[in-house]
Visitor: 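Below you'll find the structure I mean.
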Amino acid sequence: MGASLSNLTENGSGSGGPGLGDIPESCVACVFLYLSPPEICNLARLNRAFRGAASSDAVWETKLPSNYQLLLHLLSHPDVYQNLRKKDIFSLLARPLPFDDGNKVVWVDRFTGRVCMSISAKAMAITGIEDRRYWNFLPTDESRFDVVAYLQQIWWFEVDGTVKFPFPPDIYTLSFRIHIGKFSRRLGRRISNFEHTHGWDIKPVRFELSTSDGQQASSECFLDETHQDEGNGSCKRGCWIEHKVGEFIVGESDSETEVRFSMKQIDCTHSKGGLCVDSVSIIPIELKERRRRGALK
């Protein structure tokens, strides 16, 4: 059977009839328009026609976001990349591109070609961040930015951020990535410490987002619910949680969209602490839902 499949990839089949190698490259390229980038790369191994179609600029132009030229300007020498093949540009943009002193990154999803963004806690305005009695930055390999902001204790809790970027048309969801408790590694094992964790079950934290064209969304959540999970404590403790704030729509790709976001609990009747803030993610909602279902890894 292996020999038969091998013959099908060349000109002619094992019985003397047409094979995959007889399909014109232009026809293969038309089929590739409906496939994902990983599927195209896998099929490029079949034969010369498939390999040629898999390198076609016409194919990869459809996989790139409409504003990919603007994304190239985030690179240190954008003019160098203008003459690259579209396939190579896609490969380049599929890697995280840092900007704003490395505190924000943007990338193109390698399955869908849609634009995603992550914003570090270091790019946010955090009340009391300059006072080490309240906040500290902790180095960690559990963040794409290698650092998270850790709150020991504070009365007025407020984290604000903003980003102005030419997002391509899509529906995006914005989420905060947070962690109840402090974590570390000891003898190769991950250990969570809840010594400073308190106050998050008394009043809810309010999450908000707004955009420059008037869109708004908000939600509230008790970060440390008292529901117990088989005697092991709150099910939210000791793991990273992506709390969805809301969604916004981008309809035009030629203009920049400013997005403002925040999480706050400013009821000063009680203190709160023991919380890690890693980042904010802005991801197309369809992509986020597919990842949640396990369709994309």
Side-chain angles (χ1 to χ4, degrees), residues 65 67 70-71 74 96-101 103-109 112 114-129 135 143-145 148-149 151 154 156-180 200 203-225 236 240-267 272 275-292:
N67 66 340
L70 296 175
L71 299 182
L74 295 176
L97 304 177
F99 65 104
D100 192 13
D101 297 325
N103 293 324
K104 299 172 184 173
V105 295
V106 64
W107 69 95
V108 170
D109 179 72
T112 64
R114 298 164 103 164
V115 172
C116 307
M117 180 181 289
S118 186
I119 303 166
S120 169
K122 278 203 162 187
M124 303 178 201
I126 302 176
T127 301
I129 191 64
W135 289 88
S143 168
R144 71 165 61 246
F145 299 100
V148 298
L151 172 65
I154 205 166
W156 185 292
F157 172 74
E158 185 169 5
V159 179
D160 298 282
T162 183
V163 62
K164 194 172 184 179
F165 193 79
F167 291 98
D170 214 326
I171 304 176
Y172 295 89
T173 179
L174 186 147
S175 304
F176 273 89
R177 187 172 187 256
I178 56 180
H179 185 288
I180 297 294
W200 304 112
K203 291 288 181 67
V205 171
R206 183 168 180 82
F207 297 84
E208 297 180 334
L209 79 81
S210 62
T211 65
S212 50
D213 61 355
Q215 300 179 69
Q216 296 182 352
S218 63
S219 62
E220 291 188 348
C221 176
F222 287 92
L223 296 187
D224 192 25
E225 293 177 333
K236 291 184 178 181
W240 287 105
I241 303 166
E242 288 208 7
H243 185 87
K244 178 180 174 181
V245 180
E247 302 162 4
F248 64 94
I249 301 172
V250 176
E252 298 180 4
S253 60
D254 295 332
S255 59
E256 290 186 320
T257 300
E258 183 177 11
V259 183
R260 298 172 292 275
F261 48 87
S262 66
M263 60 182 297
K264 59 185 70 174
Q265 215 286 43
I266 55 178
D267 184 340
K272 40 269 185 189
L275 176 73
C276 291
V277 179
D278 173 31
S279 59
V280 160
S281 65
I282 300 177
I283 296 176
I285 184 171
E286 181 181 338
L287 177 58
K288 188 137 186 133
E289 290 174 350
R290 291 176 67 182
R291 282 180 172 171
R292 187 180 297 115

Visitor: Using every non-hydrogen atom in the two residues, find where Asp160 and Ser262 come nearest and quote the distance to one decimal.
Guide: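 For Asp160 and Ser262, the tightest heavy-atom pair comes out as OD1-CB, 3.0 Å.
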Visitor: Measuring from atom CD1 of Ile241 to atom CG of Leu223, what distance do you get when rounded to the nearest 0.5 angstrom?
Guide: 7.5 Å
Visitor: Which value, rounded to the nearest 0.5 Å, describes the distance between Met263 atom CE and Cys221 atom SG?
Guide: 9.0 Å
Visitor: Would a 4.5 Å heavy-atom cut-off, applied to side chains only, mark Ile171 and Glu286 as touching?
Guide: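 When only atoms from C-beta onward are counted, Glu286 and Ile171 do not touch, as no gap falls below 4.5 Å.
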Visitor: Side chains of Val250 and Pro168: does their closest heavy-atom pair fall under 4.5 Å?
Guide: no
Visitor: Atom NZ of Lys164 and atom CG of Asp100: how far apart are they, to the nearest 0.5 Å?
Guide: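 With rounding to 0.5 Å, NZ (Lys164) is 13.5 Å from CG (Asp100).
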Visitor: Would you check, one step at a time, whether the test side chain to side chain contact (heavy atoms under 4.5 Å, CB included) holds for Leu174 with Val259?
Guide: CA-CA 10 Å; Leu174 186 147; Val259 183; 3.8 Å; yes
Visitor: What pair of heavy atoms forms the shortest contact from Arg260 to Thr211, and how long is it?
Guide: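 Heavy atoms only, the tightest pair is NH2-O, 3.3 Å.
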Visitor: To the nearest 0.5 Å, tell me how far Leu287 CG sits from Asp109 CG.
Guide: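 CG of Asp109 is found 4.5 Å from CG of Leu287.
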Visitor: Provide the closest heavy-atom pair for Val115 versus Pro284 in the form atom of the first, atom of the second, distance.
Guide: O-CD, 3.2 Å
Visitor: Side chains of Val280 and Met124: closer than 4.5 Å at any heavy-atom pair?
Guide: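 They are in contact (side-chain heavy atoms under 4.5 Å apart), so the answer is yes.
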Visitor: Go through it in stages, so that I can follow the logic: the residues are Val148 and His179, the test is side chain to side chain contact (heavy atoms under 4.5 Å, CB included), and I'd like the CA-CA distance, side-chain angles, deciding distance and then a yes or no.
Guide: CA-CA 10 Å; Val148 298; His179 185 288; over 6 Å; no
Visitor: Under 3.5 Å, is there a donor-acceptor pair between the side chain of Trp200 and the main chain of Val205?
Guide: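 Absent.
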Visitor: If only side-chain N and O atoms count, and only distance matters, is there a donor-acceptor pair under 3.5 Å linking Ser279 with Arg177?
Guide: no
Visitor: Minimum heavy-atom separation for Val105 to Pro96, with atom names?
Guide: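 Val105 and Pro96 have their closest heavy atoms at CB-CB, 4.3 Å.
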Visitor: So, do Asp278 and Cys276 sit near enough that their side-chain heavy atoms are less than 4.5 Å apart?
Guide: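 The answer is no, as the side chains (C-beta and beyond) never meet within the 4.5 Å cut-off.
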Visitor: Determine whether His243 and Phe207 make a side-chain contact, defined as any pair of heavy atoms from C-beta on separated by less than 4.5 Å.
Guide: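 Heavy-atom side-chain distance check passes, below 4.5 Å.
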Visitor: Looking at CG of Leu275 and CD1 of Ile154, how far apart are the two atoms once the value is rounded to the nearest 0.5 Å?
Guide: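 The CD1 atom of Ile154 is 11.0 Å from CG of Leu275, to the nearest 0.5 Å.
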Visitor: Anything under 30° is parallel, anything over 60° is perpendicular, the rest tilted; go ahead and classify Phe261 against Phe176.
Guide: perpendicular
Visitor: Taking Ile249's backbone N and O only, do any of them form a donor-acceptor pair with Gln215's side chain (distance below 3.5 Å, no angle check)?
Guide: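 Answer holds: yes.
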Visitor: Please state whether the rings of Phe248 and Tyr172 are parallel, tilted or perpendicular, taking 30° and 60° as the class boundaries.
Guide: parallel
Visitor: Determine yes or no for a side-chain-to-main-chain donor-acceptor pair under 3.5 angstrom, with Asn67 supplying the side chain and Leu70 the backbone.
Guide: no
Visitor: Please give me the minimum heavy-atom distance between Pro204 and Glu220, naming the atom from each residue.
Guide: CG-OE1, 3.7 Å
Visitor: Nearest 0.5 Å, please: how far is NZ in Lys272 from CG in Leu151?
Guide: 9.5 Å
Visitor: Give a yes or no on whether the backbone of Val163 and the side-chain of Lys104 come within a donor-acceptor separation of less than 3.5 Å.
Guide: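 Between the backbone of Val163 and the side chain of Lys104 there is no qualifying donor-acceptor contact (under 3.5 Å).
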Visitor: Within the distance-only criterion (no hydrogens, no angle test), does the side chain of Gln265 pair as donor or acceptor with the backbone N or O of Asp267 below 3.5 angstrom?
Guide: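 Pair found, side chain donor or acceptor close to backbone of Asp267.
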Visitor: What are the two closest heavy atoms between Val106 and Phe165, and how far apart are they?
Guide: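 Result for this residue pair: CG2-CZ, 3.9 Å.
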